[in-house]
There are 2 protein chains.
Amino acid sequence: MSPEPLSRPRIVAAAIELIEREGADAVSMRRIAGELGVGVMSLYNHVPNKAALLDAVAETVLSEIEFADDPDAEWTERVRIQARAFRQIAHHYPRCTMVVVSRQLQSAAGLLPVERALATLRSAGFGGEEAVRILRTFIAYIVGSLLREVGVTPTFAPVHHSQAEIGKVDPVLFPETSSLAAELGACDHEAEFEFGLELLIRAIAVERGRHG
Amino acid sequence: MSPEPLSRPRIVAAAIELIEREGADAVSMRRIAGELGVGVMSLYNHVPNKAALLDAVAETVLSEIEFADDPDAEWTERVRIQARAFRQIAHHYPRCTMVVVSRQLQSAAGLLPVERALATLRSAGFGGEEAVRILRTFIAYIVGSLLREVGVTPTFAPVHHSQAEIGKVDPVLFPETSSLAAELGACDHEAEFEFGLELLIRAIAVERGRHG
DNA sequence: ATTGACGCACGTACACCGTACGTGCCACGC
DNA sequence: GCGTGGCACGTACGGTGTACGTGCGTCAAT
């Protein structure tokens with residue numbers, strides 16, 4: 001079937017493709033082996049186990065985000081760009097997003113965005129402790145936004161049917177929720193993301209103005 | 001073993017206890033049945049399947065968060081309190097947090113916090129669309145924070161060993177990361193959470209002052 | 001050229017998983 | 001007294017991750 005030799009990158013690529021095509025639940029070692037036209041146990045010559053394979057998936061996805069950093073730009077613009085770069089994950093690999101977010105990796109791929117962000121913040125004049133704090137705040141916001149965007153978090157990212165679903169809430173028990181059904185049922189993820197991002201950036205800008 | 005009759009709440013409680021004791025991966029229908037001293041298939045008389053059981057777990061955990069809302073307080077304080085209430089989850093049910101966050105539920109338990117938050121924001125004078133936007137921003141931040149807190153997100157919530165781990169990063173490839181190893185290795189989750197929360201609340205307060 | 005070792009694809013086997021289905025008990029309404 | 005329905009339970013099937021053994025191809029040293 002495939003003349004090229006089995007290899008770790010080929011296995012990871014097959015896993016990513018499978019996740020995007022059929023969802024993370026569909027991933028099994030047998031399934032991946034099938035995709036590659038290969039025996040199941042052959043995979044274990046290149047990957048120690050399934051958990052490590054999923055880590056590799058996360059790492060690969062993470063390493064593919066494209067940073068277009070301009071060191072001469074305002075730090076606010078640089079932060080914006082880095083945050084948006086992260087959000088690309090949800091676009092390029094929507095079904096992998098949960099995998100990426102739900103495993104913690106201490107590999108280089110996971111560290112590089114951290115390094116960039118810290119460098120940006122430090123060069124903007126923030127202290128070390130401050131930079132770490134700000135970074136953590138942004139990551140929390142970004143991770144939470146991605147989860148909503150890929151439809152995993154309970155706040156009405158319309159999974160394409162919720163328009164109908166949402167009308168069902170009892171208007172006397174949940175007056176606000178039901179009167180805002182239209183707004184809750186629709187979600188322009190990009191606008192939503194930008195809104196919170198801008199909010200955070202502005203808040204941090206005034207923070208910096210106050211004591212530094 | 002247990003004279004009390006099997007029931008859905010007893011099953012859910014056993015599942016929660018098991019998750020907290022051994023982690024979400026340890027959950028299996030057989031395992032839960034074992035905990036209850038009961039045959040596996042008996043569970044299916046009360047719960048349609050495992051996914052529904054996990055939904056029930058999420059719903060139960062969510063329904064146990066305690067809101068101490070004071071309708072007379074400033075909206076900023078009310079938002080603070082509601083956000084902190086959510087964070088209780090990570091304290092009371094740390095290992096369940098991922099389960100809660102990773103399933104979207106449209107049940108009453110999931111809707112009640114939404115309703116409360118919307119009511120608070122509307123009564124503070126925000127428009128409908130605005131309120132929904134702000135709510136989504138807060139939820140993104142809170143969810144992201146919880147994930148970091150329960151040690152699932154790749155930004156160095158010290159899993160209790162990372163102090164050692166973190167020293168390992170190459171100082172020439174990752175100068176900032178390695179020079180800030182101490183700050184990255186430690187994390188006062190409460191302070192961290194409060195920092196971002198305050199940032200968001202202040203930002204929204206000025207937002208409101210500007211056009212409404 | 002022969003042999004040895006090693007890398008790697010693969011099959012088999014095992015323990016565990018979710019759950020469809022059938023069986024039997026027991027407590028209730030008629 | 002008798003049906004009936006709810007519920008606990010056992011068995012069984014198709015799926016999972018992976019430990020282990022086997023055999024083949026290639027390359028190194030003799």
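Note that this is a predicted model, so its numbers are computed, not measured. In what follows, every chain begins at residue 1, and chains take the letters A, B, ... in the order their sequences are listed.
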Participant: Is any NZ, NE, NH1 or NH2 atom of the basic residue among B/Glu35 and B/Arg31 found under 4.0 Å from an Asp or Glu carboxylate oxygen of the other?
Facilitator: yes
Participant: Would you indicate, yes or no, if D/dG17 has its OP1 or OP2 atom less than 4.0 angstrom from a side-chain nitrogen or oxygen of A/Asn49?
Facilitator: no
Participant: In whole Å, what is the span from the OH atom of A/Tyr44 to the P atom of D/dG17?
Facilitator: 6 Å
Participant: Given D/dC9, C/dA9, D/dT18, identify the nucleotide with an atom nearest to the side chain of A/Met29.
Facilitator: D/dT18
Participant: Can you tell me how far C1' of C/dC21 sits from CE of B/Met41, to the nearest Å?
Facilitator: 8 Å
Participant: Identify, between A/Ala51 and B/Arg30, the residue whose nearest nucleotide on DNA chain D lies closer to the 5' end.
Facilitator: B/Arg30
Participant: So if I apply the salt bridge (charged side-chain N to carboxylate O under 4.0 Å, His left out) rule between A/Arg84 and each of A/Glu66, A/Glu194, A/Glu190, which one comes out positive?
Facilitator: A/Glu194
Participant: Quick one: is D/dG6 close enough that its OP1 or OP2 comes under 4.0 Å of any side-chain N or O from B/His46?
Facilitator: no
Participant: Nearest-Å distance, CZ (B/Arg10) to P (D/dC7)?
Facilitator: 14 Å
Participant: Tell me if the aromatic rings of A/Phe193 and A/Tyr141 count as close, with their centers under 6.0 Å from one another.
Facilitator: yes
Participant: Using whole Å, report how far CG of A/Leu43 lies from P of C/dA9.
Facilitator: 9 Å
Participant: Quick one: A/Asn45 CG to D/dG23 C1', roughly how many Å, whole number?
Facilitator: 13 Å
Participant: Taking OP1 and OP2 of D/dC9, is either one under 4.0 Å from a side-chain nitrogen or oxygen of B/Ser42?
Facilitator: yes
Participant: Starting from C1' on C/dG18, measure out to CG on A/Asp25 and report it in whole angstrom.
Facilitator: 13 Å
Participant: In whole angstrom, give the distance that lies between atom CD1 of B/Ile11 and atom P of C/dT19.
Facilitator: 13 Å
Participant: Tell me the interatomic distance from A/Lys50, atom NZ, to D/dA19, atom C1', rounded to whole angstroms.
Facilitator: 18 Å
Participant: To the nearest 0.5 Å, tell me how far A/Phe86 CZ sits from A/Gln88 CD.
Facilitator: 11.0 Å
